[in-house]
Structures are given as structure tokens and as C-alpha cells.
Amino acid sequence: MAEKITKRADDYSQWYLDIVQQAGLAENSDVRGCMVIKPHGYAIWEKMQRALDRMFKDTGHVNAYFPLFIPKSFLAKEEEMAEGFAKECAVVTHYRLKTIPGKGVQVDPEAKLEEELIIRPTSETIIWNTYRNWIQSYRDLPLLINQWCNVVRWEMRTRLFLRTAEFLWQEGHTAHATQAEAEEETRKILDVYRTFAEEWMAMPVLTGLKSAGQKFPGAVYTLCIEAMMQDKRALQAGTSHFLGQNFSKAFDVKFQDQNGKLEHPWATSWGLSTRMVGGLVMTHSDDQGLVVPPRLAPIHVVIVPIFRKPEEKQATCDAARKLAQALGAMPPDPWYNYEPLTVKIDDRDQHQPGFKFNEWEVKGVPIRVELGPKDLAQNACVLARRDLPGKESKMMGVPLAEAPTRIVGLLKAMQSALFERARKFRADNTLSVDTWDDFKKKIDEPGGFLWAHWDRTRETEDKIAAETKATIRCIPYEQTKETGKCVLTGKPSEGRVVFAKAY
RNA sequence: CGGGGCGUAGCUCAGCUUGGAUUAGAGCGCUUGGUUCGGGACCAAGAGGUCGGAGGUUCAAAUCCUCUCGCCCCGACCA
């Protein structure tokens, strides 16, 4: 355990892989492009799930589950979606193997499926095929359903969490009687995502509209939250789509309104995936290891008792257990989703304290408590915050009786400090550009988010992408009204959009 | 899918050019015992590898050849 982590400044993508590996988040599996999410990584995902799930429930959504397999013909019913996903679909063609003595197994050619099944890259088709039977009256609407599941997109090039062939996510699929209501839902979910990203992940995000070139195939438009990683590249962190009547028409879903008239319902869909775990790593972690925002930390506090003699071990561990109990008994707080604080006591005697300090720093535990004979003698302990590493920032001589309250205070302080730091980083790496020369220069150096005018055409967007590798990340909601000239073509523009190189 | 790099112990790698005396090695990690213990301890003794896989050349292959699989980087692609 605990070797060197490549410095961010030396090799950012190696640094990312080192963090993921050494913090025990995930590893590559023997299946190309598919990862094994290890307990510590999965625990973070579970925390994300619980926080998001509560937010979905609080906004009236319910969970359900739809099949992994989708008849191939379903995909074809919505043409734009078929086009968008055809190239990355895994296909099931047979339903049986046969064993060959001494040679293992082979696909039984007799067992060919009449209709091939694709493995869901997303579930709009099977869900809207099901909704046809569920929706008859305006009284059946709105239908507000979410599912937590895995999906498969056969990616050429994969990176742990950020882009894998199989990943975990939630996908919401709603049906509404009116266009206005569906559009409101699309916005409402975007707001849920923004709140989740900023308040739970401590990850500042831009919210806005995707350009036509970047939207979800099958959507009328796509809204997104977009974050900046520490290498100044953009990460699409969540998307919410207004689907219009595209799927209700494709799957012939109709309802009778109050006047007895048959109408196609209006749809939305929205998703957020395990990619967010990668985003979390790349937003907060440092050269020492993982940094997890306290609200999503699987372990909030680690207590390291310090001892040499058996009686010291006894005494410090007793005190550690007492403190852990006191922390666990803190009143339920929506701030950590009404869950008890999790506390780990590291009483292993095969490692020295210094080793343990480093190991828990690599794993990103927000608060460390050091508890040795000297502290015990004055009924105190030492506290250290993960985002302020080093000996200097330790808080010495904190009375044990006050420790639980102090720790909760530190967790909250750390959460906001992480958010502020990330926000400042984004602000420091965001600039406006007005000329094409300036754009080409600044997209490479210094890089980051470039606010620029754009003539709203697909051709210009593609040209800029081809020449600079920068894409339009979003057309932000929050911006000052300003007319100008497209940075490439000079044609009139009614507002700036954000360009960046993206993951 | 194209270009490049790399696959030898759990991890990082040496050995390969010039095939054979290396009985396949080192450091870290792991096991056992002892001394240690407030920022990655030390000593000793151990366990652990069909050299990514399959063919081929040869008296002899980790080493040479062919094919194949995987990983990393760059490109193309990417809701």
C-alpha cells in the first residue's frame, strides 16, 4: 500500500489513475472497457445515490425497473436515436451455449434468437413502449419514473469512471399532458442536478442548454450541468432532455384529455452516472491522494489511537470508542442525509501512526483524530482536516468533550471550503475572447472556459471543433445580455456561449 | 478503428539487443518471530511466477518469428 502518486503537474491523467487505484476506488476488469468498482468507490456512489434518490422522491418521482434487453426493432422506431446509438450497441444474438467435451463451450448455432436483442444504451424505447399501456387518460399523467441501473455503450477508448463500456446511472423518464409541464420538469431536474453537484459534491457547475450538435439524439433540446476539472477541461456532469412528442409518437402513446381529444404526451428524460465519481476525484483531490467532500464521504472520521505499551493501547482505544460513540449519537441532520456519522478506529498494531495518517489521507477521509497518551493525559485530542494537509494545520489540544461538535463544524467548513476553492479555480480559468486569433491562442494557453460569441450555426460549431478541439459546452442561463459578433464568422450573435476542451 | 509504447511475483521493474551457468531475479508489499511506535520503522527467516495467451524456429526460447488478447498515450469517434 501507499506508494508514490504522480504529481498533477507532471502527468495529469496518470495522477488520476494513481488516485483511483491507490484510494481503492476501481480497477480494470478482464472484460475490455469494463471496470470493477471496489468497495470504497462503490460506497461513494451509494452516498451519491442516496442523496439524489431523496431529491427525486422529494420532487414526486418513484423508482421502477425496466429490462436490460431491448428488441432491436425498438431502437429503429425513433430515427435520430437509432442513428446516435447504433455504433455503440452490444447485441445478443443467441440464447444458449453448448459444451464441447475437452474444448469448453461454444455458441449453439441452433439457438439463434428470432429477433436480436440489444443491451440498453439508454431506455427511452423500452420505457415508452411500456408507457403505451400505462397511459390512457390525462388522469394517468404526469408519470414520473426513475430507474437505477447499468447501461452499455461500446466505447472505443475508456477511462475508469469517466468513460467505460458499462456504467451505472439513474435515468428518469417522465410523461406529461402539456409541453409547458414537460419543459418545466426538464428545468426542475436540471436544478436538482445543480443542487446535487454544488451542495453535495462541492462541484460548481454551469447550467444551460446544449447546442444542437451536442444534444441527445432524439431530444428536442438538452440541458446540462458542466463542471471544470483541475486540468481546466470540462466535464459534462448531468443532462436533462426535453423530448417533445418524439417518443410518444414513435411508440404511439396517446391519452384522452379533459375534452375527450386524443393527444400524444410530452416527455423528458435525464441521467447522471458513475462518471460523477471521476468528476469528484478530478475536482478536489491533490497530490497526496483522494479528497472526498464530507457530505459524500463513506467514512467521515478516522480515529488513530497512538500507543506503545498494552496499557496505552487499552486506554487510547477505550477513549477512541467513547468518542466514536459520541459522534455516532449526534442528532440526525439533513446535512448528511439523516445518516449517522461514520467513524473508523484504526487500532492496527502492525503499522505506525505516521503510516496510518498517510494511508487515510490517500483514501480521502475528511477528518482525522489523533489520540495518544499525551492527549489523554489532558483529556484532549488532535484534529486534522484532509483539505489542509501537513502537520502545521493540525488542531492540537481539542478537549474530548468538545470534539464531536468541533468535528461536525469542521466537516461543514471543509465542505464549503472545497466548493469555494473549486469556484475560485473555475473563475481564475474562465475568460472572454472576441477574436478568432485570440480564441485559437487561449484555448491552448491558458486553456479553461472561453466565453465567446457564436452565430448559432452547426457549421461554425463544427469548424471550431475541427480546428481547436474545443466544443460548445453549454449556452449558459446565467449571463449578461450582450450582442456581439461570432468569434469565427463575424456574424451577429445575441449572447456568449462557453467553449472548452472536454472529457 | 489508425499510429506509438508496454505486458516477467500482489505492485514497480531488471534480464531480451548477441537463445544455453539464473536453479528466473531485485525493491516494495505479504507471512512468522523479535525490537520499534506522535508523519510512510528495523533485523532475521519464509511464502509467492506455466515470463499475457496460442502456434512456430531450434538440441535448447522470458530472449528469435507469426498470430492473438489486454493496458497506457496520441488521433478518429463519443448521449
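Since the model is a prediction, treat every value here as computed from it, not as a measurement. We name chains A, B, ... by the order of the sequence lines, and we start the count at 1 in each one.
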> Counting only side-chain N and O atoms of A:R348, is one of them less than 4.0 Å from OP1 or OP2 of B:C37?
Replying inline: no
>> Measure CG/A:D346 against C1'/B:G39 and give the value in whole Å, please.
In response: 14 Å
>> Taking 4.0 Å as the cut-off, does a side-chain nitrogen or oxygen of A:S13 come that near to OP1 or OP2 on B:C73?
In response: yes
>> Categorize A:K394 for me: base, sugar-phosphate, or nothing, with a 4.0 angstrom heavy-atom threshold over every strand shown.
In response: base
>> Let's see if you can work this out: which of B:C37, B:C71, B:G75 has an atom nearest to the side-chain heavy atoms of A:R308?
In response: B:C37
>> With rounding to the closest Å, how many angstrom separate the P atoms on B:G55 and B:U63?
In response: 14 Å
> With both distances kept under 3.5 Å, what pairs with B:U50, Watson-Crick or G-U wobble?
Replying inline: none
> Contact class for A:F167 (heavy atom, under 4.0 Å): base, sugar-phosphate, or nothing?
Replying inline: base
>> With a 4.0 Å limit, can you tell me whether A:K391 has a side-chain N or O closer than that to the phosphate oxygens OP1/OP2 of B:G39?
In response: yes
> Can you tell me how far C1' in B:G7 sits from the matching atom in B:G15, rounded to whole Å?
Replying inline: 15 Å
> Distance between the P atoms of B:C78 and B:C16, in whole angstroms?
Replying inline: 45 Å
>> Expressed as a whole number of angstroms, how long is the span from A:E312:CD to B:G38:P?
In response: 12 Å
> Partner of B:U17 by Watson-Crick or G-U wobble geometry, both contacts under 3.5 Å, or none?
Replying inline: none
> When the C1' atoms of B:G49 and B:A24 are considered, how many whole Å apart are they?
Replying inline: 8 Å
> Starting at CG of A:L162 and ending at P of B:C77, how long is that distance when rounded to a whole Å?
Replying inline: 20 Å
> Base, sugar-phosphate, or nothing for A:E361, non-hydrogen atoms under 4.0 angstrom?
Replying inline: base
> Whom does B:C37 pair with, Watson-Crick or G-U wobble, provided both distances fall under 3.5 Å?
Replying inline: none
> In whole Å, what separates the C1' atom of B:C28 from that of B:G40?
Replying inline: 12 Å
>> Just the rounded figure in Å: distance from P of B:C42 to NE2 of A:H351.
In response: 13 Å
> How long is the line joining CD1 of A:I472 and P of B:C78, in whole Å?
Replying inline: 15 Å
>> Using a 4.0 Å heavy-atom cut-off, does A:G238 contact any base of the nucleic acid, only the sugar-phosphate backbone, or nothing at all?
In response: nothing
>> Less than 4.0 angstrom from a charged side-chain N to a carboxylate O is my criterion; do A:K441 and A:E445 meet it?
In response: no
> Any idea which of B:C73, B:C72, B:G38 is nearest the A:R159 side chain?
Replying inline: B:C73
> Distance from A:K215 atom NZ to A:L223 atom CG, nearest 0.5 Å?
Replying inline: 12.5 Å
> Atom CZ of A:R386 and atom C1' of B:G39: how far apart are they, to the nearest Å?
Replying inline: 14 Å
> Looking for any heavy atom pair under 4.0 Å, which part of the strands does A:G84 touch: base, sugar-phosphate only, or nothing?
Replying inline: nothing
> Quick one: A:Q14 CD to B:G5 P, roughly how many Å, whole number?
Replying inline: 18 Å
>> Using the P atom as the point on both nucleotides, what is the distance between B:C74 and B:U8, in whole Å?
In response: 22 Å
>> Any strand counts, and the cut-off is 3.5 Å on both contacts for Watson-Crick or G-U wobble. Which nucleotide pairs with B:A24?
In response: none
> Is the cationic atom of A:R187 (NZ for Lys, CZ for Arg) positioned less than 6.0 Å from the six-membered ring centroid of A:Y477 and within 45 degrees of its normal?
Replying inline: yes
>> Would you measure the distance from the C1' atom in B:U17 across to the matching atom in B:C65 and give it in whole Å?
In response: 16 Å
> Expressed as a whole number of Å, how far does the C1' atom of B:A14 sit from that of B:A9?
Replying inline: 13 Å
>> Quick check on RNA chain B: between A:T222 and A:D375, whose nearest nucleotide comes earlier from the 5' end?
In response: A:D375
>> So for atom CD, which belongs to A:Q14, do other residues, nucleotides or ligands contribute more than 12 heavy atoms lying within a distance under 6.0 Å?
In response: yes
> Do A:M282 and A:Q230 come close enough that some side-chain heavy atom pair is under 4.5 Å?
Replying inline: no
> Across all strands shown, which nucleotide pairs with B:A9 by Watson-Crick or G-U wobble geometry, both distances under 3.5 Å?
Replying inline: none
> When syn is taken as a glycosidic angle within 90 degrees of 0, is B:A21 syn or anti?
Replying inline: syn
> So, do A:L235 and A:M228 sit near enough that their side-chain heavy atoms are less than 4.5 Å apart?
Replying inline: no
>> Using a heavy-atom cut-off of 4.0 Å across all strands, would you classify A:V304 as base, sugar-phosphate, or nothing?
In response: nothing
> Side chains of A:W270 and A:N146: is there a donor and an acceptor less than 3.5 Å apart?
Replying inline: no
> At under 4.0 Å between heavy atoms, what does A:K215 touch on the DNA or RNA strands: base, sugar-phosphate, or nothing?
Replying inline: sugar-phosphate
> Under a 4.5 Å cut-off applied to non-hydrogen side-chain atoms, are A:E370 and A:R368 in contact?
Replying inline: yes
> Over how many whole Å does the gap from A:Q214 atom CD to B:C78 atom P extend?
Replying inline: 9 Å
> Mapping A:G372 and A:R163 to their closest nucleotides on RNA chain B, which lands nearer the 5' end?
Replying inline: A:G372
> Does OP1 or OP2 of B:G38 have a side-chain N or O of A:Q352 closer than 4.0 Å?
Replying inline: yes
> Does A:R275 count as lying over the ring of A:F161, i.e. NZ or CZ under 6.0 Å from the six-ring centre, within 45 degrees of the axis?
Replying inline: no
> In the structure shown, which nucleotide is the Watson-Crick or G-U wobble counterpart of B:G75, with both distances under 3.5 Å?
Replying inline: B:C1
>> Under 4.0 Å, counting only non-hydrogen atoms across every strand here, what does A:R275 touch: a base, just sugar-phosphate, or nothing?
In response: nothing
> Base, sugar-phosphate, or nothing for A:P121, non-hydrogen atoms under 4.0 angstrom?
Replying inline: nothing
>> Applying the Watson-Crick and G-U wobble criteria at under 3.5 Å, what pairs with B:C64? Answer none if nothing qualifies.
In response: B:G56
